[in-house]
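What follows is a single structure, written as structure tokens, with notes after it.
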Amino acid sequence: MKHLPEGYRALVLGASGTLGSALKAALEADPRCATVTGLSRRGTPPLVLEDEATLRAAAEAMREAGPYALILDACGALRLDGRGPEKRLDDLDPRALARSFEVNAIGRALVLKHFIPLLPRQGRCIFGVLSARVGSISDNRAGGWYGYRAAKAAGNMLLQTAAIECTRSRPEAVFAALQPGTVPSPLSAPFLAGHPTVSAEEAAQGLLAALDTLPAQRGASFIDAKGQAIPW
Ligand SMILES: NC(=O)c1ccc[n+]([C@@H]2O[C@H](COP(=O)([O-])OP(=O)(O)OC[C@H]3O[C@@H](n4cnc5c(N)ncnc54)[C@H](OP(=O)(O)O)[C@@H]3O)[C@@H](O)[C@H]2O)c1
């Protein structure tokens with residue numbers, strides 16, 4: 001990451017996941033990066049999106065070794081409590097919709113609440129979150145996947161709102177919602193047929209390169225692994 005300060009520190013949330021672990025490995029290979037810390041649900045301290053106390057405690061535990069010029073949130077879930085994405089209106093279930101929002105939108109909002117304060121106040125810094133192209137309202141041409149799409153769109157709105165607030169005090173901070181491409185992982189495995197895929201390593205390299213050159217602005221960007229803007 002050539003545009004972050006030499007010796008920058010990085011934090012990857014969801015580091016147990018396919019994309020989270022690839023992002024962590026890519027940062028470990030960056031000679032400019034001094035430390036990369038990964039947090040995850042079964043790690044120490046644990047990071048459980050449905051439990052704000054774990055997010056608060058994990059952020060507090062990370063504070064002393066900070067600030068972190070790069071924070072990436074690679075958490076997210078498509079299949080929850082044994083239920084996959086809905087194909088049609090008739091499949092909608094209130095509990096399943098609420099669970100997707102709990103993890104993909106509210107969990108994300110609480111991550112922003114507790115981890116944005118770990119960014120430095122001065123200089124360039126980056127907060128990137130794994131979103132998904134299916135969370136784009138204007139790009140939705142295929143339909144289906146109601147809960148995941150809506151929760152990702154809500155997560156994007158929460159990011160944009162937090163970015164507007166936080167770029168007031170950190171004018172060089174970059175906030176971005178990220179589309180990695182279709183990456184084989186436990187999350188995507190049942191839905192890969194007929195889709196061209198990219199490896200997690202390739203997606204991670206692309207996302208980091210895109211983030212490195214993304215200019216700071218008032219609010220967040222929504223980009224893919226080639227750095228192309230995605231319509232909200
Ligand atoms: N793969 C794709 O093609 C693709 C495409 C577009 C967007 N994305 C997005 O990219 C992100 C990463 O996906 P992935 O493909 O790497 O999936 P993955 O391998 O299943 O990783 C998901 C990560 O999220 C964590 N997680 C899930 N629910 C959690 C919860 N309630 N509390 C704390 N952590 C939780 C998992 O923790 P555990 O290890 O403990 O389960 C894991 O670290 C997601 O936001 C996904 O929506 C992926």
Side-chain angles (χ1 to χ4, degrees), residues 11-26 37-59 71-85 96 98-112 114-115 127-136 139-140 142 145 147-156 158-159 176-208 210-211 222-226 228 230:
L11 203 51
V12 179
L13 314 186
S16 56
T18 308
L19 281 155
S21 56
L23 286 162
K24 182 166 178 278
T37 307
L39 293 173
S40 62
R41 183 153 50 175
R42 284 160 301 189
T44 311
L47 188 90
V48 181
L49 295 174
E50 297 92 331
D51 182 355
E52 185 182 6
T54 69
L55 304 179
R56 182 180 289 110
I71 302 179
L72 299 171
D73 177 9
C75 295
L78 175 53
R79 191 175 180 82
L80 283 157
D81 309 327
R83 293 183 81 110
R99 282 288 286 137
S100 188
F101 272 77
E102 184 178 28
V103 171
N104 293 308
I106 298 168
R108 171 134 299 158
L110 296 174
V111 161
L112 294 169
H114 291 290
F115 285 89
F127 204 115
V129 305
L130 267 298
S131 179
R133 193 184 297 277
V134 298
S136 164
D139 190 66
N140 182 359
W145 293 30
Y148 182 73
R149 280 186 188 278
K152 285 290 190 182
N156 286 352
L158 290 158
L159 174 73
L178 305 169
Q179 153 66 13
T182 302
V183 174
S185 76
L187 179 147
S188 65
F191 311 102
L192 295 178
H195 289 281
T197 60
V198 289
S199 70
E201 292 68 30
E202 200 183 326
Q205 291 294 348
L207 292 173
L208 291 174
L211 283 172
F222 188 12
I223 56 165
D224 68 17
K226 294 193 171 116
Q228 300 287 314
I230 298 172

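Heavy-atom basis, side chains included; hydrogens, waters and symmetry copies ignored. Just so you know, ligand 1 is whichever comes first in the structure, and atom 1 is the first atom listed for that ligand.
At the top of the distance list for atom 33 (C) of ligand 1, counting protein heavy atoms only, stands Leu47 O, 3.2 Å. Considering only non-hydrogen protein atoms, atom 17 (O) of ligand 1 sits nearest to Leu187 CB, 3.4 Å. Closest to atom 39 (O) of ligand 1, if we only count protein heavy atoms, is Ser16 OG, 2.6 Å. Of all protein heavy atoms, the one closest to atom 5 (C) of ligand 1 is Gly181 O, 3.4 Å. Looking only at heavy atoms of the protein, atom 32 (N) of ligand 1 is closest to Leu49 N, 3.0 Å. For atom 12 (C) of ligand 1, the closest non-hydrogen atom on the protein side is Ala74 O, 3.2 Å. The nearest protein atom to atom 15 (O) of ligand 1, hydrogens excluded, is given as Ser185 OG, 2.6 Å; this is a heavy-atom distance. Of the protein's heavy atoms, Ser131 O, 3.0 Å lies nearest to atom 7 (C) of ligand 1.
Considering backbone and side-chain N/O of Gly20, none are found under 3.5 Å from N/O of ligand 1. Remark: ligand 1 and Cys75 share an N or O pair separated by less than 3.5 Å (distance only, no angle test). For ligand 1, the polar-atom distance check against Ala15 finds no nitrogen or oxygen pair separated by under 3.5 Å. For ligand 1, one of its N or O atoms has an N or O atom of Gly76 under 3.5 Å away. Annotation: Leu19 places an N or O atom under 3.5 Å from an N or O atom of ligand 1; distance criterion only. When only interatomic distances are considered, the shortest N/O to N/O separation between Ala77 and ligand 1 does not fall below 3.5 Å. For ligand 1, one of its N or O atoms has an N or O atom of Val183 under 3.5 Å away. Residue Arg108 has no nitrogen or oxygen atom sitting less than 3.5 Å from a nitrogen or oxygen atom of ligand 1, judged on distance alone. On a distance-only criterion, Arg41 and ligand 1 share at least one N/O pair closer than 3.5 Å.
Remark: ligand 1 atoms within the under-4.0 Å shell around heavy atoms of Gly14 are 43 (O). Interface of Gly17 with ligand 1, defined as ligand atoms under 4.0 Å from a residue heavy atom, comprises 19 (O), 21 (O), 42 (C), 43 (O). Close contacts of ligand 1 with Glu50, meaning ligand atoms under 4.0 Å from a residue heavy atom, involve 30 (C), 31 (N), 32 (N). Shown in contact with Pro186 at under 4.0 Å from a heavy atom are these atoms of ligand 1, numbered in order with element: 19 (O). Atoms of ligand 1 lying under 4.0 Å from any heavy atom of Gln179, numbered from 1 in the order shown and given with element: 6 (C). Interface of Leu130 with ligand 1, defined as ligand atoms under 4.0 Å from a residue heavy atom, comprises 10 (O), 11 (C), 45 (O). Residue-ligand proximity, Thr182 to ligand 1, at heavy-atom distances under 4.0 Å covers atoms 3 (O).
For Ser188, every heavy-atom contact with ligand 1 shorter than 4.0 Å involves the side chain, none the backbone. Under 4.0 angstrom from ligand 1, there are no non-hydrogen atoms of Arg133. With a heavy-atom cut-off of 4.0 Å, Ala200 does not touch ligand 1 at all. Neither the backbone nor the side chain of Leu78 comes within contact range of ligand 1; no heavy atom lies under 4.0 Å.
Counting heavy atoms from C-beta on, the side chains of Asp73 and Phe115 never come closer than 4.5 Å. Two residues are said to be in side-chain contact when any heavy atoms from C-beta on lie closer than 4.5 Å; Ser188 and Thr197 fail this criterion.
Scanning both residues, Val198 and Ala203, for their nearest heavy atoms gives CG2-CB, 4.2 Å. Closest non-hydrogen pair, Leu187 versus Gly76, comes out as CD1-O, 3.8 Å.
Side-chain N or O atoms of Glu102 include none that pairs as donor or acceptor with a backbone N or O of Glu50 at under 3.5 Å. A donor-acceptor pair under 3.5 Å is formed between the side chain of Arg108 and the backbone N or O of Leu130.
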Output a table of donor-acceptor pairs, distance under 3.5 Å, between side-chain atoms of residues 11-26 and any protein atom two or more places apart or on a different chain; print 'none' if there are none.
| unit_1 | atom_1 | unit_2 | atom_2 | d |
| --- | --- | --- | --- | --- |
| Ser21 | OG | Gly17 | O | 2.7 |
| Ser21 | OG | Thr18 | O | 3.2 |
| Lys24 | NZ | Glu28 | OE2 | 2.9 |

